Amino acid sequence: MRVDELPVDERIKRIIRERGIEELYPPQAEALMSGVLEGKNLVLAIPTASGKTLVSEIVMVNKLLREGGKAVYLVPLKALAEEKYREFKEWEVLGLRVAATTGDYDSTDEWLGRYDVIIATAEKFDSLLRHGSNWIEDVKLVVADEVHLIGSYDRGATLEMILSHMLGKAQILALSATVGNAEELAEWLDAALVMSDWRPVQLRKGVFHIGQLFWEDGGIDRYPENWESLAIDAVKKGKQALVFVNTRRSAEKEALSLSSKIARLLTKPETRQLDELVSSIEDNPTTEKLKRALRGGVAFHHAGLSRAERTMIEDAFRSKLIKVIVATPTLAAGVNTPAFRVIIRDTKRYAGFGWTDIPVLEIQQMMGRAGRPKYDKVGEAIIVARTEEPRRLMEKYIHGKPEKLFSMLANEQAFRSQILALVTNFRIGNFRELVSFLERTFYAHQRRDIASLEYKAKNVVYFLIENGFIDMDMNDRFMPLPFGKRSSQLYIDPLTAKKFKDAFPKLENNPNPFGIFQLIASTPDMATLNARRREMEDYLDLAYEMEDKLYTNIPYYEDSRFQGFLGQIKTAKVLLDWINEVPETRIYETYNIDPGDLYRILELADWLMYSLIELYRLFEPEEDVLNYLRDLHLRLRHGVREELLELVKLPNIGRKRARALYNAGFRSQEDIMRAKVRDLLEVEGIGMKVVEGLFRHFGVEMPKGAKKDSKKAEKARKGTLDAFLK
DNA sequence: CTAGGTGCCATTTAGACAGCATGTC
DNA sequence: CTAAATGGCACCTAG
């Protein structure tokens with residue numbers, strides 16, 4: 001179908017044509033003619049990169065131009081929210097306003113109600129629903145991207161609840177990967193279903209086994225025995241490859257190994273550009289390996305890397321500078337990084353209780369990354385059979401059907417949080433109303449019988465009543481209590497809230513960082529580190545040494561919680577080091593963790609620390625304890641000792657600069673305000689930009705001649721070894 | 001004596017959402 | 001509890 005023929009606003013067609021699109025892909029046309037444009041719900045189950053985004057853009061903009069109101073676009077990852085934000089921004093020329101909001105990213109500080117398209121993670125939107133903003137009722141359309149995540153164990157319930165809430169109140173457009181039971185999903189949502197395997201770039205799949213590449217169509221190619229030859233061959237052909245493995249260690253190892261072989265295939269300018277890239281990367285034990293791999297045009301990609309490094313790698317891959325990425329599943333679900341050839345080294349994964357097959361759905365998502373729309377006519381996806389029978393892999397992953405989706409609403413952690421929210425934030429007044437709400441869920445639709453769900457719900461309600469989240473009056477009506485309401489708004493697991501509450505008396509008597517950090521780490525919302533075998537004794541010793549600081553007893557070795565407890569101690573120690581200004585690099589080394597891990601721990605601890613304070617405020621807090629907690633929260637956020645808290649509030653001053661200033665004698669904001677520019681510039685890490693920022697912050701004019709001074713100083717430095725090394 | 005290979009054994013194992021109020025080195 | 005891959009280490013061998 002031609003874009004001209006679309007029954008939508010002319011302005012929409014104009015913008016699409018300006019992108020160079022004249023003709024729609026068949027599944028896009030089918031989707032748009034399914035009734036979505038007239039307001040019908042739609043489940044669109046087609047492969048990644050076959051144009052789902054364009055369909056949702058047309059549906060959103062058409063609806064907004066015609067009816068007004070708001071559209072919400074739900075994504076599973078923060079990084080995807082940013083990606084979509086940049087894409088959708090283009091529609092602002094039509095007078096629509098686009099905003100993205102996630103836990104750590106608001107595109108603007110203006111209130112969301114003023115925007116027409118709101119991109120959010122599912123959890124963020126769930127949280128917005130709980131806060132009950134007025135603009136929610138203006139939402140006329142919800143687009144749920146990657147809706148198959150409804151079947152994800154830990155995050156599926158959130159998505160399911162959002163859709164249950166919005167069903168009937170707004171139009172729903174659900175975008176899904178190919179799944180085993182898309183019909184079931186469509187029935188639940190009372191939606192049309194468009195399914196297709198069509199792709200703009202053809203996909204050729206095969207299985208590799210000791211030098212032989214068996215294509216799905218029966219063809220066989222011969223290669224050197226080792227699978228690495230597949231990646232090398234792609235590079236020789238002037239293409240790129242993406243390799244998926246199942247551990248971080250493997251990703252790093254294979255990247256380094258490939259790097260040494262691919263280095264010689266690079267051109268001189270490429271080598272130079274790669275060197276440039278390498279020099280822009282921060283130094284730490286993980287990036288040291290990354291840099292070595294990069295020099296050969298190869299990168300590894302996993303959650304241990306920082307955000308900045310990950311985006312850098314993705315960008316350099318997209319611009320074809322990096323030839324091969326060896327990645328853990330991070331990349332399969334993340335932002336768009338297609339490659340000519342996808343090589344799947346592993347089809348099994350350790351899942352806490354042994355090795356399990358990676359689901360077909362996920363393998364197909366990896367394979368779907370094959371083929372770059374603008375450069376390739378065909379993309380190749382190859383599964384490597386190393387220990388597995390090649391024929392089995394072919395049957396299961398290439399000819400096989402993806403799994404069915406199952407509701408994960410009954411997952412206890414998610415369920416108790418959702419039930420609490422229903423009572424405290426969604427005016428569910430008694431058990432009957434609760435059950436009738438649950439009847440609208442995918443769980444109920446799929447199982448038909450919700451007796452077991454009712455039983456679970458009852459237990460959760462008892463738990464919530466017993467622990468003071470909610471209460472029940474004489475007529476069996478639910479009454480939200482402040483503790484429950486706040487827990488729900490803070491978006492923490494009720495069990496986390498209970499743990500905090502139970503610890504308050506002890507905490508009040510003995511407030512101290514280690515005890516608080518262990519408490520936070522013991523919470524189901526925290527990601528704790530694992531104590532390694534050889535570390536276990538050290539952390540046990542540490543626990544005993546700090547026994548009087550803890551708010552919990554040390555479990556015995558036989559106790560099932562023992563292993564977890566040591567992990568909590570390790571996590572608490574990392575946090576303690578952080579607020580005692582131990583340099584990041586040393587933290588990575590001593591605890592054998594990667595930058596991404598530290599970042600994640602800090603992010604979670606920050607959120608939970610805030611939540612702990614907010615909950616403590618509900619229980620007749622002691623003023624000095626409250627202040628102590630607030631200071632600790634700030635220390636946690638900035639990674640500094642107490643004496644730096646004042647300095648770190650200044651713009652562009654973090655833990656390093658604050659320490660440098662303090663050691664140089666600038667101990668308060670007052671000191672800095674009075675300081676001479678020249679003296680400030682002497683301090684390590686403080687340059688003209690930072691000083692200007694400081695003066696602007698204080699609202700003071702820069703002393704005359706200061707700028708000249710600094711230029712002079714810089715000139716003087718020119719020609720020195722220092723300047724040369726820069 | 002040493003560089004490199006072999007075999008055995010212990011150890012480890014993917015990812016990432018949420019509050020709130022503003023800006024790291 | 002499950003099991004595959006990896007890295008460290010002791011030991012061995014060819015030169």
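Residue numbers begin at 1 in each chain, while the letters A, B, ... track the order of the sequences. Here the structure is a predicted model, which means the values were calculated and not measured.
One P atom belongs to C/dT6, the other to B/dA14, and the distance between them is 12 Å to the nearest Å.
A donor-acceptor contact under 3.5 angstrom links the side chains of A/Asp126 and A/Tyr491, judged on distance only. Side-chain polar atoms of A/Arg345 and A/Ser250 form a donor-acceptor pair below 3.5 angstrom. Side-chain contact check for A/Asn425 and A/Ser488: at least one donor-acceptor pair (N or O, by modelled atom type) lies under 3.5 Å.
The one candidate from A/Phe504, A/Phe500, A/Phe483 that meets the ring pair (Phe, Tyr, Trp, His ring centres under 6.0 Å) condition with A/Tyr616 is A/Phe504.
Within 4.0 Å (heavy atoms only), A/Leu77 reaches sugar-phosphate atoms of the nucleic acid but no base atom. Residue A/Glu282 is classed as having no contact, given no heavy-atom separation below 4.0 Å to the nucleic acid. Nucleic acid contact class of A/Arg534 (heavy atoms, under 4.0 Å, all strands): none. Among the heavy atoms of the strands, none lies under 4.0 Å from A/His301. At a threshold of 4.0 angstrom between heavy atoms, the contacts of A/Thr158 with the nucleic acid are absent. Across all strands shown, A/Arg600 has heavy atoms under 4.0 Å from base atoms, whether or not it also approaches the sugar-phosphate. Within the 4.0 angstrom heavy-atom criterion, base atoms lie near A/Arg637. When heavy atoms are screened at a 4.0 angstrom cut-off, A/Arg310 is found touching the sugar-phosphate backbone but no base atom.
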Determine, stepwise, if the pair A/Phe300 / A/His302 fulfils ring pair (Phe, Tyr, Trp, His ring centres under 6.0 Å).
-> CA-CA 7 Å; A/Phe300 54 82; A/His302 59 58; 5.4 Å; yes
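Contact of the A/Arg155 side chain with the A/Glu160 side chain is not registered, since no non-hydrogen atoms from C-beta on lie closer than 4.5 Å.
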Dot-bracket summary - DNA chain C, pairs being Watson-Crick or G-U whose distances fall under 3.5 Å, with | when paired to another strand = ..|||||||||||||
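Residues forming a salt bridge (charged side-chain N to carboxylate O under 4.0 Å, His left out) with A/Glu314 (at least two apart in sequence, or on another chain): none.
The partner of B/dG23, taking Watson-Crick or G-U wobble pairs whose two distances both stay under 3.5 Å, does not exist in any strand shown. Using the Watson-Crick or G-U wobble rule with both distances under 3.5 Å, B/dC17 pairs with nothing in any strand shown.
Between the CD1 atom of A/Ile119 and the C1' atom of B/dC17 there is a distance of 17 Å, rounded to whole Å.
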